[in-house]
Amino acid sequence: MKKIGLWALALLLLALALAAPWAVRHIMYHQGGRVERVVARPDLSAVEVTAPARATHTDVAVPATAGAILVDSTHDNLFDPTDLSLLQERVAARGQRLEVVVDEEELPAMLRYAKALIVISPLTDWSTGEAELVERFVGRGGRLLLVSDAAHYTALYDDWGWLVGLDHDAPHLNSLAARFGLQFQPDYLYNLEDNANNYRNVKLRDLAEDALTAGIDELVFFGTRSIQSQAPGLVVSGEGTVSNSDDRVESPSAAVLAADREVLALGDLTFLTEPYNGIAGNDLFVSHIADFLSQADRTYAMDEFPYFFGDRVDLVYTADPLLDSDLLPASGDLQTLFLEAGKALVVEVDEEISRDTLFLGLYGEADDVEEYLAAAQVTLYLRPEEGPEVESWLDYTSTLTATEEFTSRIEVASMGPVVTDGTALFLHSVQEERQVVIVLADTVPGLQAAVARLLKGNLEGCLLREGRPGIALCSTGELEEGDGTGGWPKPEDLDLEDNEDGFQWEGEGSRLPPADPGTGQG
Amino acid sequence: MKRRRILLWIAAAAAAVALVGGSWHLACRTIPVPEVAILHIDLELDEPYTNLIGQTLEDLRADPAVRAAVLDVSTPGGGVTASESLYYDILALREQVPVVVSMGEVAASGGYYISAAADQIYAKPTSLVGNIGVLSYLPDPDLVDELLITTGPFKLTGGTATEWVRQMETLKNTFLAAVLAQREQRLTVPVETLARGELYIGIDAKQIGLVDELGSRADAVEAAAELAGITRYTVVDRTPEMPETDLVSTLLGEASLGPATTGAAAGSSAVERLAPGMYYLYLQPGQ
């Protein structure tokens, strides 16, 4: 019995010994077990985004006279030629051609004939001279399309290859845009709630009433800059669309029409390209922009010779119908220039008032253009030539006496007197659709020099009278070569007291020498 | 006889000790010391790395000793699928044990995506948090080649640029849905604000509900233990060892994994070394 008790005790102790570790571990470490939990899973039923519908639009070109639209490429402009494929197609349908300006020296000459200029994302500034040139171009009815894009920039690295900054197009574009009261902001517009699949693909529904927005309810721009302007915005962002740089700006503009509707500023280029033109009213907007560029109503100044002429121009030599052999090279150059401009220059003996005309002649043989000079308030005081012919002239103007002190001169209202020696007179008259240019000089070499100026469109150093008719008085360089005084004589050197001592030629009532019925010479 | 009895007792005692030892061993295994596992996630999230982390998370789920986990997150994120994969792995672990995130220098984009899966988020006051959104390059333009022939117009590119952008937007919404699923009640700003992709310092992130508390990793460990209801526990670093990087590849600049750095310390441009695809990735300044 005692033995059994001992065994039982031993087994009990053993059981306790075996259980003790469990008890100890349990007491020490068991603090409840894992409790399986239900964890929320994302609801993905509503995350799918639908693609914006592709809009269909058939381009209908508004007829326009043929012309050239320039694309600036002289300011490290950040765009790919393919970016303009669509616009090129549209303007071509309107009879226009795109010409890329690759040499800044060529810009002045190309602007002489262009209808419009496109400037996209420049990365160098426009110089004051260039900006003034474009400003004059716009002032004469040329159209300007300024395009920025928030995605257009270059990265700037230091000598070690570290990124030190980004060079955006906005400040460089502003060097030109500021001339027209426009300022592209170095920002982009976004809308987190109402967008075309991306916060920076902004829907624009606040469109000003204009031919450019006709028939369009909504545009979608892709990373557009905002544009500040005194002029009201053409395309304005709606509620919820803000600038990334300053979300306090209310309704920033993405497109602005400025300078009396001659300058269109766009904050985005992407919408002009495939396939982004296919969204909302973008494609129709591209067509309207093509119309805008094609329908520029250019007025031309003298230095834009001969681009303001029509397709056919008559070349008439005043007084003498026979072409002086000294003038042959100049006339040949003129003809070449007209051909390059797509125009025909045809020599005619007499003026045909239904056609554009270019008159060339000498002051003393300018009776054919008397009416034009009179209308322009141009008066010629010519010293009679000595010899027998002078007598007959003096017979005609018997009250006049040629004196040694008398100096032949030109007087133009609001411009004052200028000597005829070494001076060429350019007159540009526009009568309804007809363009007339008159070039007069005192000698044949002077006339050659004047034609050379016309060929280059170079009126630098000339006295100019803007408006209609336009007048330019330019040095032909003869004095400079002759007496070495350079250019024109000073006004004090003129014998202005002897106005009556020469022939006065000022249109109606002028005392012109009689024209010889046979030759037309005076 | 007496000697034999002594031997018998010795044998009995030895057997008893062995049994008790065995019992102790079994008890240790059955009732382990509760563990708060720490897992460092501090590299850009690409597929090999997230596979490794995902395997570790699965191990933690299977280990009964692990009663809570603290994820020490310091990453600017990475690939969308890699980030999403880790998010769901963490949710699976959370079904077993509490998970607390302790944010390091940066828990942005994909780094925040995976953090959002946790029960609680601790951040340092200066941690960089948020940057919710997607980034990607658009697919290359389509091309027609005389030698390389494809059977469909998008075989090479995968789709149009506009379709790619649409998919990006869908992924952004997926990101937001993942955050909302876990933190909708804690956010103090509308989801549109989060969609701006802004990067917040920890202090601001707490104010808008992107993180729960400001504190150290130790605070996060305590919080995890508390959520697990344990007071006596060990803290074990369960971060897996990274496979050795191929030296030749490294020298050739082909290694995709690398320490997550910030600011000017970052090396070559991240943009330039991004492979085609979509990313929940914060591109640090200077990249």
Side-chain angles (χ1 to χ4, degrees), chain A residues 10 13-52 54 82 155 157 161-164 190-193 195-201 222 240 244 247 270 274-276 278-279, chain B residues 12 15-17 19-28 30-34 64 67 87-88 91-92 94-98 117 119 160-163 165-174 176-182 192-193 195-197 228-233 264 268-269 285-287:
Chain A
L13 287 173
L14 182 63
L16 285 172
L18 289 174
W22 299 85
V24 170
R25 295 288 301 187
H26 191 274
I27 292 167
M28 284 182 66
Y29 298 121
H30 183 69
Q31 300 156 71
R34 285 182 175 182
V35 178
E36 291 216 359
R37 302 180 301 166
V38 176
V39 176
R41 299 278 167 155
D43 177 12
L44 301 180
S45 61
V47 299
E48 185 81 9
V49 175
T50 54
R54 299 273 299 172
T82 57
Y157 296 94
W162 292 100
L163 182 70
V164 293
Y190 70 89
N191 190 319
L192 290 165
E193 296 174 48
N195 57 52
N197 282 354
N198 189 274
Y199 69 104
R200 65 187 199 192
N201 301 347
F222 304 83
N244 76 313
D247 57 13
T270 311
E274 291 276 7
Y276 304 99
I279 297 173
Chain B
V17 168
L19 282 171
V20 170
S23 172
W24 180 256
H25 180 71
L26 276 175
C28 286
T30 310
I31 308 175
V33 179
R67 298 293 303 279
Y87 175 87
Y88 283 102
L91 288 187
R94 249 183 81 193
E95 288 174 343
Q96 300 289 322
V97 297
D119 289 283
T160 63
T162 48
E163 178 60 13
V165 172
R166 186 196 66 78
Q167 290 178 2
M168 286 180 69
E169 196 68 3
T170 299
L171 289 186
K172 181 202 77 178
N173 290 346
T174 305
L176 290 169
V179 174
L180 288 178
Q182 313 306 329
E192 289 78 20
T193 302
R196 291 159 60 102
I230 56 175
T231 52
R232 289 181 296 279
Y233 54 88
S268 61
S269 165
Q287 297 183 319

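Here is the naming used below: chain letters follow the sequence lines, and residue numbers restart at 1 for every chain. Because the structure is predicted, anything quoted here is derived from the model rather than measured. Any value given below was found using the heavy atoms of this structure, including those in side chains, with hydrogens, waters and symmetry copies removed.
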Check each atom of B/Gln182 against the heavy atoms of chain A and say whether the ones under 4.5 Å are side chain, backbone, both or neither. side chain
Let's test your reading of the structure: which of B/Pro34, B/Ala177, B/Cys28, B/Ala195 forms the most heavy-atom pairs below 4.5 Å with chain A? B/Cys28
Examine whether an atom of B/Ile230 lies under 4.5 Å from a heavy atom of chain A, and if so say whether it belongs to the side chain, the backbone or both; otherwise answer neither. both
Heavy-atom neighbours of A/Arg200 CZ exceed 12 at 6.0 Å: no
Based on non-hydrogen pairs under 4.5 Å, which of B/Asn173, B/Ile31, B/Leu91, B/Val97 is most in contact with chain A? B/Ile31
Honestly, the part of A/Phe222 sitting under 4.5 Å from a heavy atom of chain B is neither
Which residues pass the ring-ring contact (aromatic ring centres under 6.0 Å, His included) test with B/Tyr233, not counting sequence neighbours? none
Under 4.5 Å heavy-atom distance to chain B, tell me which part of A/Ala51 shows up: side chain, backbone, both or neither. both
Locate the shortest heavy-atom distance separating B/Arg196 from A/Leu192; write the atom from each residue and the value. CG-CD1, 3.1 Å
Bottom line for B/Leu171: the part with an atom under 4.5 Å from chain A's heavy atoms is neither
Which atoms of A/Asn244 approach chain B - backbone, side chain, both or neither, heavy atom under 4.5 Å: neither
Closest heavy-atom contact between A/Arg25 and B/Val33? NH2-N, 3.1 Å
Taking side chain as everything from C-beta outward and backbone as N, CA, C, O, which of these in A/Val24 sits under 4.5 Å from a heavy atom of chain B? Side chain, backbone, both or neither. side chain
If you count heavy-atom pairs under 4.5 Å between each of B/Ala92, B/Pro32, B/Ala228, B/Ala161 and chain A, which one has the most? B/Pro32
Does a salt bridge link A/Glu36 with B/Arg94, judged by any charged N lying under 4.0 Å from a carboxylate O? no
Looking at every non-hydrogen atom in both residues, tell me the closest pair between A/Val49 and B/Glu169 and how far apart they are. CG2-CG, 3.7 Å
Mind checking whether B/Thr162 and A/Pro275 have side chains closer than 4.5 Å, heavy atoms only? yes
Most contact-rich option vs chain A, by heavy-atom pairs under 4.5 angstrom, among B/Thr193, B/Leu180, B/Thr231, is B/Thr231
Which bit of A/Asn198 is near chain B, if near means a heavy-atom gap under 4.5 Å: side chain, backbone, both or neither? both
Distance only, no hydrogens: is a donor on one side chain within 3.5 Å (strictly under) of an acceptor on the other, for B/Ser23 and A/Trp22? yes
Which heavy-atom pair separates B/Ala181 from A/Pro42 by the least distance, and what is that distance? CB-CA, 3.5 Å
Less than 4.5 Å apart, any side-chain heavy atom of A/Glu48 and any of B/Gln167? no
Cut-off 4.5 Å, heavy atoms of chain B, and the answer for A/Leu16 is neither
Heavy-atom distances under 4.5 Å only: say whether B/Thr160 touches chain A with side chain, backbone, both or neither. neither
Would you call B/Glu95 and A/Arg34 a salt bridge, using N to O less than 4.0 angstrom? no
Note: A/Leu18 and B/Val20 closest approach over all heavy atoms is CD2-N, 3.9 Å
